[in-house]
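Taking it in order: structure first as structure tokens, then the write-up.
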Amino acid sequence: EMLRSLVGSEMCIRDRQLSSWGATIKACPTHPRALPGPRHPYPEVPSMSNLNGKVAVVTGAASGIGKEIALTLSRAGAAIAIADLNQAGADAVAREIEQAGGKAMGVAMDVTNEDAVNQGIDRVAAAYGSIDILISNAGIQIVNPIENFAFSDWKKMQAIHVDGAFLTTKAAVSYTHLTLPTIYSV
């Protein structure tokens with residue numbers, strides 16, 4: 001339930017996207033007047049209590065929020081790929097999950113490098129067969145007054161937060177095997 005509080009329990013998207021994926025559609029109580037005609041739809045949020053047989057990739061999961069998301073998904077039954085720049089940290093979290101009875105692997109991944117992302121996602125798919133859940137959580141925080149904020153720091157943050165979410169989604173979507181994948185950018 002921690003994940004629901006982080007990303008919200010509703011994700012609103014349009015009918016035509018959902019119908020091609022075969023998702024369950026409900027009326028969105030948050031935005032009843034967002035579109036004329038029928039209520040704005042949103043897909044059913046997967047149950048966090050039963051993710052048995054699902055495979056999740058969590059970026060930035062060697063520590064912090066990413067680690068807690070990975071542990072939560074594992075407790076719900078998902079096999080977890082701990083993707084992080086810090087291979088030793090990723091492996092340590094994977095061992096922690098395995099010691100608790102879960103299934104996990106550490107994956108070295110620089111989310112700003114397309115080749116590294118593709119290799120990491122390919123490795124996860126080779127080990128587990130598919131990818132059902134992607135949590136693009138990798139991120140950094142650079143706190144500085146705007147007048148002192150270096151443009152190079154801005155570009156670094158954008159590369160990790162925005163480009164990283166794009167690259168991981170692009171790489172993972174080919175392994176979703178016609179299912180409606182669950183993709184969150186935290």
What is the minimum heavy-atom distance between M109 and I121, and which atoms define it? CE-N, 4.0 Å
If I take atom OG from residue S174 and atom CD1 from residue I131, how far apart are they, to the nearest 0.5 angstrom? 7.5 Å
Do I135 and V162 belong to the same hydrophobic cluster, where Ile, Leu, Val, Met, Phe, Trp and Tyr are linked whenever their side-chain heavy atoms lie under 4.5 Å apart, directly or via other members? no
Closer than 3.5 angstrom, by distance alone: can the side chain of T72 be matched with the main-chain N or O of E68 as a donor-acceptor pair? yes
Within this structure, what is the CG-CD1 distance for the pair L73 and I133, rounded to the nearest 0.5 Å? 5.5 Å
In this structure, CG of L71 is separated from CD1 of I80 (nearest 0.5 Å) by 8.5 Å
Polar side-chain atom of N137 near backbone of G139 as donor-acceptor pair, under 3.5 Å: no
Are the side chains of Y175 and D122 in contact, using a 4.5 Å heavy-atom criterion? yes
Could you pull out the closest heavy-atom pair between F149 and W154, with the gap in Å? CE2-N, 3.4 Å
Can you get from L85 to I65 by hopping between Ile, Leu, Val, Met, Phe, Trp and Tyr side chains that sit under 4.5 Å apart? no
Determine, step by step, whether T168 and S136 satisfy the side-chain hydrogen bond (donor to acceptor under 3.5 Å, both in side chains) criterion, reporting the C-alpha distance in whole Å, the side-chain angles of both residues, the deciding distance to 0.1 Å, and the verdict. CA-CA 7 Å; T168 54; S136 293; 2.9 Å; yes
Smallest separation among heavy atoms of A94 and I82, with atom names: N-CG1, 4.1 Å
Just so I know, are the side chains of V93 and D84 near enough to count as touching, which here means a heavy-atom distance under 4.5 Å? no
To the nearest 0.5 Å, how far apart are NZ in K67 and CD1 in I97? 9.0 Å
Determine whether D115 and N113 satisfy the following criterion, side-chain hydrogen bond (donor to acceptor under 3.5 Å, both in side chains), listing intermediate values before the conclusion. CA-CA 6 Å; D115 290 336; N113 180 308; 5.8 Å; no
Are side-chain heavy atoms of V111 and I160 found at a separation under 4.5 Å? yes
Please round to the nearest 0.5 Å and tell me the distance separating atom CG of D91 and atom CE of M105. 9.5 Å
Over all heavy atoms of both residues, which pair between A81 and V124 is shortest? Give the atoms and the distance, please. CB-CG2, 3.4 Å
Mind listing the closest non-hydrogen atom pair of N118 and A171 along with its distance? OD1-CB, 3.4 Å
Distance check, rounded to the nearest 0.5 Å: K156 atom NZ versus H161 atom NE2? 10.5 Å
Give a yes or no on whether the backbone of T112 and the side-chain of D163 come within a donor-acceptor separation of less than 3.5 Å. no
Within the supplied structure, the quantity of interest is the number of heavy atoms (other residues, nucleotides, ligands) at a distance under 6.0 Å from E147 CD; does it exceed 12? yes
State, yes or no, whether a side-chain contact exists between I140 and M157 at a heavy-atom distance under 4.5 Å. yes
Testing the basics here: between A108 and R123, what is the closest heavy-atom pair and its distance to 0.1 Å? N-NH1, 4.4 Å
